[in-house]
Amino acid sequence: MYRILTILSLCISLAILKAYPQQAGNSLPSQTIRGAVIDKASGHPMPDVTIMLLDIPGTGTTTDEKGQFVLNGIPVGRHNVQATYLGYEPGIFREILVTSAKETSLDISLTENVRELGEVVVRPQINKEQPLNKMAVTGARKLSVEEASRYAGGLDDPARLVSSFAGVAANLSSNGISIHGNAPHLLQWRMEDVEIPNPNHFADISILGGGILSSLSSQVLGNSDFFTGAFPAEFGNAVSGVFDMKLRNGNNRKMENTVQVGILGIDVASKGPLSKNHKASYIFNYRYSTTGLLNHIYPGLDMGGTLDYQDLNFKLNFPTRRAGTFSVWSTSLIDKYVEDFDEDPKEWEHTGDNFESESKQRMASGGIGHRYFFPNDAMLKTTLAVTYSGMNAIQDAHATDLSATPYLRMKYNNTNLILTSAYNRKFSARHTNQTGFTYTRMFYNTKLNLAPFETAPMNTLSKGKGETDLINVYTSSSFGITDQLSLNAGLSSQVLTLNNSWTLEPRLGLKWSPTARSSFALAYGLHSRMEKMDVYFVNSKSTGKELVNKDLDFTKAHHLILTFGYKLSDNLLLKVEPYTQFLYDVPVIADSSYSVLNRREFYAEEALVNKGKGRNIGVDITLEKYLNRGLYYLVTASISDSKYKGGDGIWHDTRYNRRYILNTLVGKEWMVGSNKQNMLSANVKLTLQGSERYSPVDMEATLAHPDKEAQYDETRAYSQQYPTVFIANFTVSYKINKKKGSA
């Protein structure tokens, strides 16, 4: 299965077809730019904001009482949009792409100017410079979906897109996200303000926390924040990073449809109004795997197995006049894999050829959200959500007479009921507070039986059924101390009622901008994360004792990040970020080099104790040229060192201690055609990075093993490293804009 997953993860779409309805108009293709403007601190919509196109003088409008605006008849191509309002810092949104395919939507947030009215200094904020989260001063990067869709090697996959950011390692065979040497399973995935299970197809099989491709599509994913450390107080239960994703709202003016066909899947997307008389809208995307379709059409096709997957994402948005705004959203996937088994023993050439396996995975997350705006610059946002993840896997070992011996039986079903609510109040231009809580009721049913070797009977490695609670409360405030100096301070706490583990976590961020071009930021945070539920119900393989891990405490980490940013020009930014992360109370095996910081297997099988440590230090450097006159580039360099201390009390390199990562991302666009209405673009991404590390094989122990399965020398854990990796991706695209659609 791993071989097939690796091949599939490298596939590139061969054909893309898009079709959208478009009203006929001028002789040249044109389209509408629409959007909404909010106060970044309070979240309130802003009426009477002036919206202008900087590249087309005289083209502009103002927002209505709900903060919404519409610019009609905008020629296709790239445009610069400026939003201005008295007492607020102007916002400039550069190189906004307008196509004839569908309306361009902008979500704009403006920051109130804390300077005195007598001052005339105007310092516009470029749309790419700040994350969406108002409490983040550093360690965060906004992922613009339109921008990221240009990245070579992205494959329309959010996990692969963020690998272009400094400190994030790319992986050819998996889209697991490793940040600053941390294991992928330590990242938290969030959607619409709640933590969700790993949203990747065939999650956790080749590597815990990864998969082969995301179930999320850029058709429905909105601008999101990606945190690499020292995140604000509202984010609990995470020690590596947070991918805070948002879904777009649909177009409440007219229907727009998309069809996309490629090797990775067949996508159908649509968005539009739910009613002509109201502002309610919908958006959805459904994808079915091309490999699954081929298996149905050609049952005898030799693909090494049956690989079938599908996913569905949608969001319904219901604004009301007096009761606030309601939304209903969901993301889900279904995966199935059946490995081909050759019943002729003479054809068995490799280890594992005598195994027959099948697995099914399911993931679903959905919720109802509500936002209510109070007249005193306050907002209450609440979400009630349900998440589910389940897996059934079987594997049998066959002897040469084709008699089968059960080798693996795995079944788990985890359902979480989540209620989260936050009250946000803007007291003044200099002070904003957000206070909230998240209550998660976890229902679990897990059982894993695994044989130590082929001919041995299976052992029950973990077994648990019941429910427990994870409760998080937090408060966070942002203070504008002076015109150049701001402070964000918060406190977060969480409790796991399964064993009454609890934490109290301070968060702090400080930013100083001495000039219009330079800034310094410092962020600190204490963070913690519980283990996957199956870990708490392990039956020790070596001792046979049950529930040896039920009293495990949280893994905890101190984060410290310093950032220096300097704008070399309006379109060129240099950023240098030294960081350090110290982890403690890490679960390890006593008197062993094993640590969960290196975990990649989807199961655990031994007793663990909270005596491990970890240390990640390094510096991330980013040189970014924003898209201007068709050219953009992003150059990142990361130099790092990642160590851990296991139960043996010895410091080792972690599995993900790559030492260095170098990325170069370059793209160029040309407007071509008789009327310059079509777009030709070329993008390239080059990556040079150190590889993962591994432990050398203990040949004596391997030869003594009943199945001759490789045994590793744990006294030299991760002392070896695979060869340096060079990855090159290149894409060329051509977009044709017509009056009634694009392709």
Side-chain angles (χ1 to χ4, degrees), residues 167 169 176 178-186 207-209 229 239-240 526-529 531-532 535 538 540-543 545 548-549 551-560 579-601 603-619 638-661 689-705 709-724:
S178 175
I179 303 172
H180 294 160
N182 287 289
H185 76 274
L186 298 176
I207 182 173
L208 188 67
V239 294
S240 166
L526 174 61
H527 308 274
S528 64
R529 184 169 179 83
E531 296 303 311
K532 285 174 62 66
V535 174
V538 164
S540 175
K541 181 180 69 172
S542 59
T543 66
K545 294 182 179 180
V548 292
N549 294 331
D551 292 328
L552 277 178
D553 200 353
F554 297 113
T555 295
K556 304 179 184 70
H558 293 285
H559 285 230
L560 185 65
Y579 67 86
T580 182
Q581 180 188 17
F582 178 74
L583 301 104
Y584 64 101
D585 286 349
V586 178
V588 297
I589 297 177
D591 302 320
S592 168
S593 62
Y594 176 88
S595 170
V596 297
L597 297 182
N598 301 304
R599 185 183 174 193
R600 64 182 303 163
E601 297 80 10
Y603 62 90
E605 56 183 345
E606 281 295 356
L608 303 173
V609 292
N610 292 105
K611 294 184 177 181
K613 295 181 180 180
R615 174 181 55 79
N616 300 313
I617 59 173
V619 59
S638 299
I639 303 173
S640 61
D641 186 47
S642 179
K643 303 283 189 182
Y644 80 98
K645 180 187 288 187
D648 56 4
I650 301 173
W651 285 96
H652 304 273
D653 289 305
T654 65
R655 182 193 296 271
Y656 303 97
N657 189 11
R658 300 176 183 271
R659 304 288 189 188
Y660 64 90
I661 306 172
Q689 66 183 27
S691 294
E692 292 183 12
R693 310 183 73 87
Y694 65 94
S695 304
V697 174
D698 185 334
M699 292 303 301
E700 183 177 344
T702 299
L703 294 174
H705 192 273
E709 181 180 341
Q711 305 296 303
Y712 299 95
D713 184 357
E714 297 300 330
T715 63
R716 295 187 291 157
Y718 306 107
S719 59
Q720 306 296 313
Q721 189 172 19
Y722 294 108
T724 297

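Just so it is clear, the model here is predicted, and its values are computed rather than measured.
- Residues meeting the side-chain hydrogen bond (donor to acceptor under 3.5 Å, both in side chains) test with Ser719, sequence neighbours left out: none.
- Checked against side-chain hydrogen bond (donor to acceptor under 3.5 Å, both in side chains), His185 has no partners two or more places apart in sequence or in another chain.
- For residues 582-594, the pairs satisfying salt bridge (Lys or Arg N to Asp or Glu O under 4.0 Å) are Lys556-Asp585, with sequence neighbours left out.
- Under the side chain to side chain donor-acceptor pair (under 3.5 Å) rule, Ser642 has a single partner from Asn657, Asn616, Asp653, which is Asn616.
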(message) Apply side chain to side chain contact (heavy atoms under 4.5 Å, CB included) to residues His180 and His559 and explain how you reach the verdict.
(response) CA-CA 11 Å; His180 294 160; His559 285 230; over 6 Å; no
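- Heavy-atom minimum distance, Ser593 versus His652: CB-NE2, 3.9 Å.
- Taking Asp713 as the reference, Arg716 meet the salt bridge (Lys or Arg N to Asp or Glu O under 4.0 Å) condition, with sequence neighbours excluded.
- Scanning for side-chain hydrogen bond (donor to acceptor under 3.5 Å, both in side chains) contacts around Gln689 gives an empty result, with sequence neighbours left out.
- Checking Gln581 against Asn182 by side-chain atom types alone, a donor-acceptor pair falls below 3.5 Å.
- Side-chain atoms of Tyr660 and Thr724 include a donor-acceptor pair closer than 3.5 Å.
- Within a 6.0 Å radius of CD1 in Ile639, no more than 12 heavy atoms belonging to other residues, nucleotides or ligands are found.
- Ser595 contributes no side-chain N or O that, together with a main-chain N or O of Gly646, makes up a donor-acceptor pair within less than 3.5 Å.
- Here the closest heavy-atom approach between residue Thr654 and residue Gly181 is recorded as OG1-O, 3.8 Å.
- Applying the salt bridge (Lys or Arg N to Asp or Glu O under 4.0 Å) test to pairs two or more places apart or on separate chains, none has a residue in residues 695-705.
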